[in-house]
Undergrad: 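Let me give you the structure first, and then I'll get to my questions.
What you see below is based on every heavy atom in this structure, not just the backbone, and it leaves out hydrogens, waters and symmetry mates. For reference, positions follow the sequence shown, starting with 1.
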Amino acid sequence: MLRYLKKYWVYCLLAPLFMLGELTMDLLQPAMMATIVDEGVLGSDMQIIVYEGIRMVLLVIFGGTCGVLCCVFANIAAQSFGNDVRKDMFSHIMDFSFEQTDFFTTGSLVTRITNDVTQVEQMVMMSVRSLVRCVVMFVGGIYMLYRQAPQFAFVAAWGLPFITAIVVFSLKKVSPLYTVIQQKLDRLNCIMQENIAGTRVVKAYVKEEYELEHFSDANHSLCDTNLHAQTILAFLNPSVNIILNLCVVGVLYVGGDMLRTDGSVTPGQIMAAITYLSLILMRIVFMANIFQTFTRASASWKRIREVLDTENAQQSGTRCPDEDRKGEIEFRQVSFAYADAPDRPVLNNLSFSVRRGETLAIIGSTGSGKTSLVQLIPRFYDVTAGAVLVDGQDVREYPLQVLRDKIGIVQQKAELFSRSIQENICWGCEQAEESDVRHAARIAQAEDFIRRMPKSYETPVTEGGHSLSGGQKQRISIARAVIKKPEILIFDDSGSALDLKTEARLYDALHQEFAGTTRIIVAQRIASVRQADRILVLDNGQICACGTHEELQESSAVYREICRSQLRKGAMA
């Protein structure tokens with residue numbers, strides 16, 4: 001944490017310095033009020049009242065100015081700290097592998113980068129402002145109380161152990177609850193994210209009431225935990241107030257006795273003593289609130305550190321690729337299982353190669369491992385056994401950016417951003433010219449519908465691309481991939497939302513424009529793969545056949561069954 005604050009040490013120093021100016025005014029004011037009462041009111045000296053009154057006003061102005069500057073510098077330090085932490089967290093999250101993102105969950109990462117950082121920000125601000133204020137006010141209040149009369153300080157000393165015990169007991173009970181609260185907030189954010197992203201599915205199945213109940217359960221659980229914590233803290237202030245008032249009675253009793261017996265104190269001093277006593281004992285309550293914030297922030301900081309201290313599981317390689325080989329792919333005895341199910345491999349001992357400029361189609365039943373296979377090429381996941389080679393080099397030896405710059409991938413679920421259509425296409429190549437954008441759109445069979453949009457290429461896309469149809473989103477995603485002019489193009493069932501005619505035109509355009517580019521097409525429809533140079537048939541994570549459409553019809557029972565099932569449904573052209 002200190003490494004983030006070091007840059008802002010000047011603000012962290014100025015804030016408490018100006019706080020001292022504000023505290024000086026707060027500590028002097030009761031003593032000045034005692035002078036006004038004793039010498040001005042009781043002594044009938046109007047000059048003292050006017051003189052001390054002017055001094056008090058000037059001190060209030062001075063103290064208020066110091067308080068404003070303290071608040072400004074404390075906020076600069078805290079907000080700058082939070083800004084740096086959020087940027088570092090976001091950078092770490094962007095570097096996470098898919099497995100690490102799955103481990104943390106999106107909802108938890110959102111909570112950590114927003115709510116948890118806010119909690120730590122508040123702790124920083126309270127450290128450089130309120131903590132200094134409480135400590136100085138507590139020590140200074142005891143000194144000023146002692147100056148009024150040592151007996152008053154002894155009365156305060158009797159109350160301190162009881163208040164301290166109450167505060168420690170409350171914090172000990174409530175501290176473990178803060179980690180639980182943040183975990184329940186994670187769960188709530190996950191539910192919100194899932195339902196907002198899947199709102200169309202919820203409405204289509206009329207599951208609003210079910211999801212509301214699901215959300216309510218999580219929300220009630222969060223509220224109950226919060227209520228438990230706040231109930232414990234609710235006893236804090238009344239308990240302290242009881243002791244405070246007992247101490248006030250003690251001061252009045254001791255002060256009255258001293259005034260009656262030897263006149264060693266004045267009414268003004270007794271009044272000032274009560275004020276100082278309140279300042280001292282209430283500082284302990286404020287300290288409790290500060291420690292409460294520190295406790296909550298400590299739980300949040302641990303969660304933040306879990307993100308910041310997590311190194312990317314996929315370390316980038318350093319070996320430069322062979323420039324003479326472009327677009328070659330080889331799988332050598334590759335097996336793969338997801339981290340949450342290591343004993344259930346998705347792919348088993350796969351070996352095959354793809355030549356430069358070749359079109360390889362992959363087909364198989366749902367769950368056969370098609371998507372998992374293609375996600376190994378750009379290292380979205382790493383193999384469990386064996387090796388994936390691109391241009392003769394293990395993908396784990398590549399610098400990640402170099403590897404992924406060689407590959408253009410279009411996934412089945414098209415992900416668009418809240419920008420214009422042109423910006424979404426250019427997202428694949430920021431240096432692209434306007435002519436390049438239009439050329440990529442023509443290849444992707446997207447130009448016709450884009451030109452019919454209200455603002456053509458400048459038409460804004462709503463969040464998640466909900467303003468576009470599934471086929472439109474897929475074609476924009478395809479344009480975003482081809483504008484990179486990659487050496488390898490991967491289509492992970494990206495034509496599923498396209499009609500057969502549009503898909504056929506797309507593949508014809510790709511064949512003409514990217515004749516030297518290696519293409520891997522994952523598809524469910526025979527019509528989408530029958531023109532490929534080779535078709536790989538997957539079954540239960542294993543290669544059961546490989547060849548052309550005609551060869552597979554002769555040699556592969558699995559392929560023939562797929563063909564027959566689609567012919568019965570009229571799916572083939």
Side-chain angles (χ1 to χ4, degrees), residues 1 71 74-75 78-79 82 85 105 107-135 137-138 159-193 212-247 278-306:
M1 187 183 298
C71 188
N75 274 289
Q79 294 298 325
V85 172
T105 75
S108 178
L109 291 173
V110 170
T111 304
R112 292 170 196 244
I113 205 170
T114 53
N115 184 272
D116 284 324
V117 174
T118 299
Q119 296 293 340
V120 180
E121 272 182 8
Q122 291 178 352
M123 184 196 70
V124 170
M125 188 169 67
M126 295 190 83
S127 297
V128 298
R129 186 170 182 267
S130 302
L131 183 61
V132 173
R133 180 182 180 87
C134 283
V135 172
M137 187 71 79
F138 181 76
L160 287 177
F162 294 101
I163 293 179
T164 303
I166 293 170
V167 169
V168 171
F169 175 80
S170 299
L171 290 178
K172 188 175 180 181
K173 287 291 185 181
V174 82
S175 294
L177 296 175
Y178 288 130
T179 300
V180 178
I181 287 171
Q182 295 304 104
Q183 291 170 349
K184 291 182 182 295
L185 189 59
D186 286 348
R187 178 59 182 155
L188 196 68
N189 280 336
C190 283
I191 294 172
M192 286 179 60
Q193 182 199 14
L212 178 59
E213 184 178 348
H214 190 202
F215 178 84
S216 296
D217 289 342
N219 196 36
H220 283 313
S221 180
L222 175 63
C223 288
D224 289 343
T225 309
N226 263 317
L227 184 59
H228 186 193
Q230 295 306 315
T231 301
I232 294 172
L233 295 174
F235 289 97
L236 185 60
N237 280 345
S239 302
V240 171
N241 281 328
I242 290 171
I243 297 173
L244 174 60
N245 281 282
L246 290 174
C247 290
S278 299
L279 288 176
I280 294 167
L281 298 183
M282 290 309 296
R283 286 315 105 188
I284 299 178
V285 178
F286 288 145
M287 286 289 285
N289 291 331
I290 292 172
F291 287 132
Q292 175 191 340
T293 301
F294 278 25
T295 303
R296 192 162 194 164
S298 177
S300 292
W301 182 247
K302 288 178 183 177
R303 288 157 52 82
I304 291 170
R305 285 299 301 268
E306 284 179 357

Undergrad: Quick one: pull up CD in Gln183 and OG1 in Thr111 and give me the separation to the nearest 0.5 Å.
TA: 11.0 Å
Undergrad: Is it the case that over 12 heavy atoms from other parts of the model lie below 6.0 angstrom from the CZ atom of Phe215?
TA: yes
Undergrad: If you round to the nearest 0.5 Å, how far is CD1 of Ile181 from CG of Asp186?
TA: 12.5 Å
Undergrad: Gly82 and Glu121: which non-hydrogen atoms are nearest, and at how many Å?
TA: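 That closest heavy-atom pairing would be CA-OE2, 3.2 Å.
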Undergrad: List the atom of Ile166, the atom of Ser239, and the distance in Å for their closest heavy-atom pair.
TA: CD1-CB, 3.6 Å
Undergrad: How far apart are the closest heavy atoms of Val124 and Ala78, and which atoms are they?
TA: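 Closest heavy-atom pair between Val124 and Ala78: CG1-CA, 3.9 Å.
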Undergrad: Would you say the side-chain atoms of Ser221 pair up with the backbone N or O of Asp217, donor to acceptor, closer than 3.5 Å?
TA: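 No; judged by distance alone, with no hydrogens or angles, the pair does not exist.
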Undergrad: Testing the basics here: between Val117 and Ile113, what is the closest heavy-atom pair and its distance to 0.1 Å?
TA: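 Heavy-atom minimum between the residues: CG2-O, 3.7 Å.
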Undergrad: Between Val85 and Ile304, is any pair of side-chain heavy atoms under 4.5 Å apart?
TA: yes
Undergrad: Roughly how far, to the nearest 0.5 Å, is CZ of Arg303 from CG of Leu109?
TA: 9.5 Å
Undergrad: Between Thr225, Asn226, Asn219, which is the residue that forms a side-chain contact (heavy atoms from CB on, under 4.5 Å) with Cys223?
TA: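 Single side-chain contact (heavy atoms from CB on, under 4.5 Å) partner of Cys223 among Thr225, Asn226, Asn219: Asn219.
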Undergrad: Atom CD1 in Ile232, atom CG in Leu177: separation rounded to 0.5 Å?
TA: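 Reported value, rounded in 0.5 Å steps: 5.5 Å.
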Undergrad: Less than 4.5 Å apart, any side-chain heavy atom of Leu188 and any of Lys184?
TA: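 They are not in contact (no side-chain heavy atoms under 4.5 Å apart), so the answer is no.
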Undergrad: Of all heavy-atom pairs between Ala297 and Val120, which one has the smallest distance, and what is that distance?
TA: O-CG2, 3.8 Å
Undergrad: Knowing that exactly one of Leu222, Asp116, Val110 qualifies, which makes a side-chain contact (heavy atoms from CB on, under 4.5 Å) with Leu185?
TA: Leu222
Undergrad: For the CD atom of Glu213 and the NE2 atom of His220, what is their distance to the nearest 0.5 Å?
TA: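 Between Glu213 CD and His220 NE2, I get 9.5 Å after rounding to 0.5 Å.
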